[in-house]
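Working notes for the structure below.
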2 protein chains.
Amino acid sequence: MRAIFCTYRSDRELERCTVAAETRARWQVVYDDIRGQIDRGVLGKGDQVPGEVFLADRHGVARSTVRSALSRLEQEGLITAGKGRLGRTVRNDEPLVWNLHSFERRDRRDDPNTGMDDWARGVADQGRIPHQEIKPSLEMAEATVAGWLGVPVNSPVVRRSRRRAVDDRPWQLSDSWFPEWAKDTPLLTHVEDLVLPGGALAYLGHPQVRTRDEIRVRMPSPGEAQRLEIPVGTPVMEHVRIGYGVDDMPVRVMITVAPGDRTTLVYELEV
Amino acid sequence: MRAIFCTYRSDRELERCTVAAETRARWQVVYDDIRGQIDRGVLGKGDQVPGEVFLADRHGVARSTVRSALSRLEQEGLITAGKGRLGRTVRNDEPLVWNLHSFERRDRRDDPNTGMDDWARGVADQGRIPHQEIKPSLEMAEATVAGWLGVPVNSPVVRRSRRRAVDDRPWQLSDSWFPEWAKDTPLLTHVEDLVLPGGALAYLGHPQVRTRDEIRVRMPSPGEAQRLEIPVGTPVMEHVRIGYGVDDMPVRVMITVAPGDRTTLVYELEV
DNA sequence: CAGTGGTCTAGACCACGCT
DNA sequence: GCGTGGTCTAGACCACTGG
């Protein structure tokens, strides 16, 4: 029983693990080879990963064994596969900060001059170009949304479905749901950002006085992966914000799905 | 455009699917079969997934083709693989709510009677059994931590490394880092929860008056996956809380890594 | 023991995209 | 054209676990 010491360098610390030689699979040897090169900086961000046939030859294994190793690295979000002559490359993604403490709250920064809402301003302030498409619709509330909004299932609700992009790349899918009163407001008719003094909800007489945010993380569904151009091995954040009015009833529910490799959530709180 | 009819017999029902031959890979047919059964509830949480050989036979494909489909479902966190006779099962995880608005803040709920700190109380209130091990140590600050704490690189800092478990299952890895002053306090010597009136930091004369939380999501490193018993296809949340003191200097940085399938973050905010 | 998933091989054909 | 990854086959041996 011979022991092998393998080192693994994380962002914050160096770890060491001991593995029995007999238990180490051949695909793991290939995996460690590439992973080590990435961690040590031999392979930098955006660099091309050696090809499957080359690695199979070098390690003396079958091509499918190499594919097991590379597919694991893809799952972990370290590399991404191109098509044709491109080959695989080491992933390189710049996360965007999304400040959820200030987002759509007291100190919201809608800009009537540029027509940018709070989200767009936050993106523009980071030197990126925001863009969003909005599709309003009148729908029957499904169970989940009905529960959050505190209305009966299948009662009419207004939905504003957003697809947000940054620098012409898809960034977020964000759906807002409002109770029935919203059907007589621009929330149902206006297809652009609603930039109104104090925020659209306050302007329409239904200010949010309290919010509850729930954050979950999971792998994307095939549909989400397609619409957000999410590569294999990238999780998504699911952010649900429920806004409550002065009577402590929900005035809006917003469900946002954001790719994990392009998003950092921030909350700044006073104790 | 040739159509392939494939029939699949589960224990409970016989299904038939029609697929365009040109547009759909054969592993995707198998994938859609199982995914559909999960989505429609034919396969419930905890149920056993049909075996590889069985599926290969029913769909008339090679076993490795079936494995491609099942491995994709594993990546997406829908099923999990057992060993030996167990086979694969549909995943079944109950997320635990972690309220980060109240966590370690003004309304913290440490309990001197039970010796539970704020986190443990939050878990116990949800009917689960919390447990944590703490390892304090004096270390040299790495670049990341030094930057967050606002101290020189390689200057001495106190680290309290936590491994939290719920119901005897690993739950979080949480490391707190304190500036040099902490080396003369129980923060460096006490290996249990520090339950002190108003919270340890306030009691020791360095209250947090403001915090900044950063939340990121990624796939776990191999070490994290092992220590937290994270199955394939499960992302982690990385939560960084920087606490600032009355002089607006950081008094503590806490980095928490939590498995995505067992955690829901909650922030409740007043507008 | 029988059946499960884990690993592995040595081939094969294809679509794609660069040169 | 040629090398890339995507898909697929038909075998094989192994460790593990339940009945």
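Lettering of chains follows the sequences in order, A, B, ..., and the numbering in each one begins at 1.
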By nearest atom, which of the nucleotides C:dG5, C:dC8, D:dT7 is closest to the A:T65 side chain? C:dC8
Among C:dT9, D:dG6, C:dG5, which is the nearest nucleotide to the side chain of A:A81? D:dG6
Please name all residues satisfying side chain to side chain contact (heavy atoms under 4.5 Å, CB included) with [X], sequence neighbours left out, ordered by chain then number.
X      : result
A:R227 : A:R163, A:L173
B:D32  : B:R24
B:D167 : B:R128, B:I129
A:V232 : A:E74, B:R72, B:Q75

Can you sort out the partners of [X] under side chain to side chain donor-acceptor pair (under 3.5 Å), two or more places apart, ordered by chain and number?
X      : value
B:D261 : B:R91
A:R159 : A:E139, A:D175
A:T263 : none

For the helix from C:dC1-D:dG18 to C:dC18-D:dG1, how many degrees between its two end axes (five pairs per end), to the nearest 10°? 10°
Would you mind reading off the distance between [X] atom [atom1] and [N] atom [atom2], rounded to a whole angstrom?
X     : N      : atom1 : atom2 : value
A:R88 : C:dC18 : CZ    : P     : 17 Å
A:Q28 : C:dC8  : CD    : P     : 9 Å
B:H59 : D:dA10 : NE2   : C1'   : 19 Å
B:E74 : C:dG5  : CD    : C1'   : 10 Å
B:Y31 : D:dG6  : OH    : P     : 17 Å
A:D57 : C:dA10 : CG    : C1'   : 14 Å

Do any side-chain nitrogens or oxygens of A:R67 fall under 4.0 Å of OP1 or OP2 in D:dG5? no
With a 4.0 Å limit, can you tell me whether B:R72 has a side-chain N or O closer than that to the phosphate oxygens OP1/OP2 of D:dG6? no
Do A:H131 and A:W171 have ring centroids that are under 6.0 Å from one another? no
Close N/O contacts between protein and nucleotides 11-17 of chain C (under 3.5 Å):
residue: C:dA12; atom: N6; partner: A:R63; partner atom: NH1; Å: 3.1

Taking salt bridge (Lys or Arg N to Asp or Glu O under 4.0 Å) as the definition, give me every residue that meets it alongside B:R85, ordered by chain and number, with sequence neighbours left out. none
Salt bridge (Lys or Arg N to Asp or Glu O under 4.0 Å) against B:R160, all qualifying residues, sequence neighbours excluded: none
Which of residues 47-55 of chain A sit near DNA chain C, with a heavy atom under 4.0 Å from it? none
Does atom CD of B:Q126 have more than 12 heavy-atom neighbours, drawn from other residues, nucleotides or ligands, at distances under 6.0 Å? yes
